[in-house]
Amino acid sequence: MKKLLSEFDSRRILVAPSLLAADFSRLAEEIQRIEEAGADLLHLDIMDGHFVPNLTMGPPVIAAIRKHSSLPFDTHLMLTDPIQYVKPFVAAGSDHITFHIESGNDPLAVIAAIRDAGASVGVSLRPRTPASALAKVLDKVDLVLVMSVEPGFGGQSFMADMVPKIAELRRMANETNPRIHIEVDGGIDGETAKLVVAAGANMLVAGTSVFRAEDGAAPAIERLHATQKLLPAQE
Ligand code: DX5
Ligand code: ZN
């Protein structure tokens with residue numbers, strides 16, 4: 001059974017550790033470790049060497065790890081032409097699919113393809129893409145993913161100038177889709193999380209700060225959940 005994002009309350013802080021920072025030689029153990037540490041979802045970064053200058057994993061890897069986790073799979077497609085990969089990723093075990101508004105396909109067609117496949121839908125934007133680029137789709141998706149680094153690599157520094165964009169998207173969503181999830185991805189740790197949550201984000205992707213935390217994954221996830229009190233009330 002899939003667990004769609006519509007089943008999660010967007011007034012709650014949700015932590016989605018990014019598998020990109022895990023030890024790739026021991027994926028099943030790494031996923032079990034963050035699941036036990038309190039992760040809400042697992043964030044999967046899918047790169048094609050074209051939309052971004054890096055390659056990661058495809059549907060066979062997702063299908064293999066699906067057997068080792070009960071966490072919902074939050075799948076971030078950094079792909080040119082994502083529409084042709086929607087079905088294979090959902091069939092492999094993705095519960096949620098986020099695509100990039102800059103990816104070249106008609107956004108309404110990608111949204112329809114994801115819904116038809118039975119997953120919940122997110123749309124993402126690169127740091128240079130303004131919030132206004134999402135005006136026409138905000139009421140049709142379950143989630144918007146704000147990139148706070150240039151997509152392609154883990155371990156980069158958080159771009160603080162993305163904070164006003166989060167606040168702008170929160171304001172836009174209050175008009176058209178107040179229960180939307182606002183997710184932020186890139187350079188998130190216990191400190192940067194405070195800034196993005198205060199601006200209205202409720203979903204935190206964190207690779208390095210969770211998988212490579214010196215004091216372990218559970219305290220790292222706890223620091224992210226602790227930002228709950230900063231989340232502004234929704235209208
Ligand atoms: C970057 C990816 C991120 C990345 C986050 O393209 O979308 O999910 O793995 O990694 P950290 O948390 O290390 O910045
Ligand atoms: Zn990501």
Side-chain angles (χ1 to χ4, degrees), residues 5 13-24 27 30-31 33-34 37 39-58 61-62 65 71-80 82 85 89 94-103 119-129 141-163 165-166 181-197 201-214 217 219-221 223-225 227:
L5 261 182
I13 298 295
L14 300 170
V15 176
S18 164
L19 194 64
L20 202 55
D23 177 346
F24 270 36
L27 286 180
E30 288 282 81
I31 294 167
R33 179 165 77 86
I34 57 104
D40 298 292
L41 306 101
L42 181 68
H43 186 83
L44 301 167
D45 287 304
I46 313 299
M47 306 187 188
D48 65 352
H50 189 265
F51 184 74
V52 290
N54 197 4
L55 291 162
T56 54
M57 52 203 162
V61 176
I62 309 308
I65 61 176
L71 290 175
F73 284 179
D74 166 26
T75 311
H76 177 192
L77 300 182
M78 284 162 273
L79 308 176
T80 303
Y85 297 102
F89 277 103
S94 291
D95 299 85
H96 173 84
I97 303 268
T98 294
F99 70 101
H100 269 265
I101 194 76
E102 310 90 349
S103 64
S120 50
V121 184
V123 62
S124 184
L125 68 187
R126 287 177 179 273
R128 274 188 293 262
T129 304
V141 297
D142 304 286
L143 170 149
V144 43
L145 170 57
V146 177
M147 291 308 301
S148 46
V149 296
E150 200 52 61
F153 299 89
Q156 304 181 75
S157 299
F158 174 75
M159 297 167 72
D161 48 345
M162 292 302 111
V163 173
K165 184 152 85 178
I166 297 164
H181 294 270
I182 300 187
E183 183 176 43
V184 185
D185 185 2
I188 297 295
D189 60 21
E191 292 308 308
T192 55
K194 293 177 188 167
L195 305 173
V196 304
V197 170
N202 71 297
M203 275 183 75
L204 303 170
V205 177
T208 308
S209 76
V210 167
F211 277 101
R212 304 188 189 172
E214 280 181 20
I221 291 173
R223 285 190 284 275
L224 298 173
H225 277 142
T227 59

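Computed from heavy atoms alone, side chains included, the values below leave out hydrogens, waters and symmetry copies. One-based numbering, in listed order, for ligands and for the atoms of each. None of the values given here were measured: they were computed from a predicted structure.
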[X]: numbered ligand 1 atoms lying under 4.0 Å from its heavy atoms:
{"X": "Met47", "value": "6 (O)"}
{"X": "His76", "value": "7 (O)"}
{"X": "Val205", "value": "8 (O)"}
{"X": "Phe153", "value": "1 (C), 6 (O)"}
{"X": "His43", "value": "8 (O)"}
{"X": "Gly186", "value": "14 (O)"}
{"X": "Pro151", "value": "6 (O)"}

Q | Sequence-distant partners of Phe51, ring-ring contact (aromatic ring centres under 6.0 Å, His included), two or more places apart | A |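 Only His100 meet the ring-ring contact (aromatic ring centres under 6.0 Å, His included) criterion with Phe51.
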
Check [X] against [Y] and note the closest heavy-atom contact, atom names and distance.
{"X": "Leu41", "Y": "Leu14", "answer": "CD1-CB, 4.1 Å"}
{"X": "Pro82", "Y": "Leu77", "answer": "CB-CD1, 4.2 Å"}
{"X": "His225", "Y": "Ile13", "answer": "CD2-O, 3.5 Å"}
{"X": "Leu71", "Y": "Ala39", "answer": "CD2-O, 3.4 Å"}
{"X": "Gln156", "Y": "Glu150", "answer": "NE2-O, 2.8 Å"}

Hey, does [X] sit under 4.0 Å from ligand 1 if you only count heavy atoms?
{"X": "Met147", "result": "yes"}
{"X": "Phe158", "result": "no"}
{"X": "Ala206", "result": "yes"}
{"X": "Ala21", "result": "no"}

**Q.** Region of Leu20 that comes within reach of ligand 1 [heavy atoms, distance under 4.0 Å]
**A.**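 Under 4.0 Å from ligand 1, Leu20 contributes side-chain atoms alone.
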
Q) Side chain, backbone, both or neither: which part of Ser18 has a heavy atom under 4.0 Å from ligand 1? A)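 The answer is the side chain of Ser18.
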
Any N/O pair [X]/ligand 1 closer than 3.5 Å:
{"X": "Met78", "answer": "no"}
{"X": "Gly155", "answer": "yes"}
{"X": "Gly187", "answer": "yes"}
{"X": "Asp185", "answer": "yes"}

Q | Side-chain ion pair, Arg223 and Glu191, N-O less than 4.0 Å | A |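 No, Arg223 and Glu191 are not salt-bridged.
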
At what distance is the nearest protein heavy atom to [atom], and which residue and atom is it?
{"atom": "atom 12 (O) of ligand 1", "answer": "Gly207 N, 2.7 Å"}
{"atom": "atom 2 (C) of ligand 1", "answer": "Asp45 OD1, 3.4 Å"}
{"atom": "atom 13 (O) of ligand 1", "answer": "Thr208 OG1, 2.5 Å"}
{"atom": "atom 6 (O) of ligand 1", "answer": "Gly152 N, 2.8 Å"}
{"atom": "atom 10 (O) of ligand 1", "answer": "Gly154 CA, 3.6 Å"}

Q: With side chain to side chain contact (heavy atoms under 4.5 Å, CB included) as the test, would you mind laying out the steps for Asp95 and Asp74 before giving the verdict?
A: CA-CA 6 Å; Asp95 299 85; Asp74 166 26; over 6 Å; no

Q) Would you say Lys165's side chain and Arg128's backbone share a donor-acceptor pair under 3.5 angstrom? A)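 Pair absent, no side-chain N/O of Lys165 close to backbone of Arg128.
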
Q: Verify the neighbour count for atom CZ of Phe158: are there more than 12 heavy atoms of other residues, nucleotides or ligands below 6.0 Å?
A: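 Correct, the count exceeds 12.
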
**Q.** Metal-centred angle, OD2 of Asp185 through the Zn ion (ligand 2) to ND1 of His76, rounded to 10 degrees
**A.**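 Between OD2 of Asp185 and ND1 of His76, the angle at the Zn ion (ligand 2) is about 100°.
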
Q) What is the NE2(His43)-the Zn ion (ligand 2)-OD1(Asp45) angle, to the nearest 10 degrees? A)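 Reported to 10°, the angle equals 90°.
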
**Q.** Donor on one side chain, acceptor on other, Asp45 and Ser18, under 3.5 Å
**A.**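 Checked: Asp45/Ser18 side chains pair up, N/O donor to acceptor below 3.5 Å.
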
Q: Verify the distance criterion only: is there a donor paired with an acceptor across the side chains of His76 and Asp185 at less than 3.5 Å?
A: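 A pair is found: one side chain offers a donor N or O, the other an acceptor, under 3.5 Å apart.
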
(Q) Taking side-chain contact (heavy atoms from CB on, under 4.5 Å) as the criterion, tell me which of Val52, Asp48, Asn54 meets it with Met78. (A)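 Going through Val52, Asp48, Asn54 one by one, the side-chain contact (heavy atoms from CB on, under 4.5 Å) with Met78 is satisfied by Val52 alone.
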
Q) Could you state the interatomic distance from OG (Ser124) to CG (Leu143), rounded to the nearest 0.5 Å? A)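 Interatomic distance, Ser124 OG to Leu143 CG, rounded to 0.5 Å: 8.5 Å.
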
